[in-house]
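Single-structure report; data block below.
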Amino acid sequence: MTGENILELKGISVHYHGVKALDGVNIALKRGEIVALMGPNGAGKSTVLKSVFGIAQLDSGEVFYKGRPITPVVHEMAGLGVVLVPQGRRVFTRLTIEENLEIGGFSIRDRNGLGKRIDGVLDTFPVLKKKRKSRARALSGGEQQMLAIARGLVAGPEALLLDEPSLGLSPRIVKEVFAKIKEINVAHGTSIMVVEHNIKSLLEFVDRAYVLDKGKVVAEGAPGKLIEGGILEKVFLGKLQAGAG
Ligand SMILES: Nc1ncnc2c1ncn2[C@@H]1O[C@H](COP(=O)(O)OP(=O)(O)OP(=O)(O)O)[C@@H](O)[C@H]1O
Ligand SMILES: [Mg+2]
């Protein structure tokens, strides 16, 4: 792929209380692609997403949005066109599905426009559409994850960042969530960066993947190349040679 970069992280380093979480990381998301960030617990995957959002403070490096350097500020990102769906599907269980979606449209001033956006998003999620007036607590785990993603889409993002959407879901439901992510990508041209721990089935849905380990990118490329090289096994079994990749 040779498309324009929607997002680019160049030389990003982040630490928390003296612990280095990211060490000179370079990652790009091109227009229209789905990119996976994979790696073991503590590799720095969530911190990559947080640094795009201004939630993690950068020691060094720069974030570019459509080729321009930006200073990420968390509440401004949706207006810019970048939405984060954080780890742990935090939907508001006491609110209805529709009310949850309204919250996702906080950056939209035009309230009529917001209603149309919500209708449009619900067309992509028939299960949620049927239950739009029900409280979110009545949804299954998989449906709540769908709602968390749907809420992110209300803002009409160009770039959607998803942190471990499979967490706590059964393999069958995980497949459904991944298929929905692909559907969003194809139908709306949304560029998507998705963090997953070690789910090979994700690779069939993505254009490229980065493998992180201990705050560094240790491999990058098309899924086929990464599977052939056995890089995921090496990283997860702790058998990666220093400097490899
Ligand atoms: N708020 C924080 N305070 C201190 N250390 C943190 C904080 N957040 C993350 N870390 C540390 O930074 C490193 C990277 O964490 P990060 O959450 O980015 O990893 P991850 O790859 O998303 O892991 P997981 O798969 O468990 O979600 C880890 O060593 C983690 O313990
Ligand atoms: Mg994480």
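Whatever order the structure lists them in is the order used to number ligands and atoms, beginning at 1. Only a predicted model underlies this, so the values are computations on that prediction, with no experimental measurement involved. Values reported hereafter were calculated over all heavy atoms of this structure, with side chains retained and with hydrogens, waters and symmetry mates removed.
- Not close to ligand 1: Lys20, with no non-hydrogen atom less than 4.0 angstrom away.
- The N/O atoms of Ala43, backbone and side chain alike, include one that comes under 3.5 Å of an N/O atom in ligand 1.
- Protein heavy atoms all stay at least 4.0 Å away from atom 30 (C) of ligand 1.
- For Gly44, the closest heavy-atom approach to ligand 1 falls below 4.0 Å.
- Looking from atom 26 (O) of ligand 1 to the surrounding protein, the closest heavy atom is Asn41 ND2, 2.9 Å.
- The residue from Lys45, Gln87, Lys214 that puts a heavy atom closest to atom 27 (O) of ligand 1 is Gln87.
- Scanning the protein for heavy atoms near atom 18 (O) of ligand 1, the closest one is Thr47 OG1, 2.5 Å.
- Given atom 23 (O) of ligand 1, the protein heavy atom at minimum distance is Gly42 N, 2.8 Å.
- Interface atoms of ligand 1 facing Ser46, defined by a heavy-atom separation under 4.0 Å, are 17 (O), 18 (O), 20 (P), 22 (O), 27 (O).
- Atom 4 (C) of ligand 1 has Tyr16 CB, 3.3 Å as its closest protein atom, hydrogens excluded (heavy atom only).
- Distances from ligand 1 to the non-hydrogen atoms of Pro40 include at least one value under 4.0 Å.
- In summary, no N, O or S atom of Asn41 is located under 2.8 Å from the Mg ion (ligand 2).
- Residue-ligand proximity: Lys50 is placed with every non-hydrogen atom at 4.0 Å or more from ligand 1.
- Here's the thing with Val19: none of its N/O atoms is less than 3.5 angstrom from an N/O atom of ligand 1.
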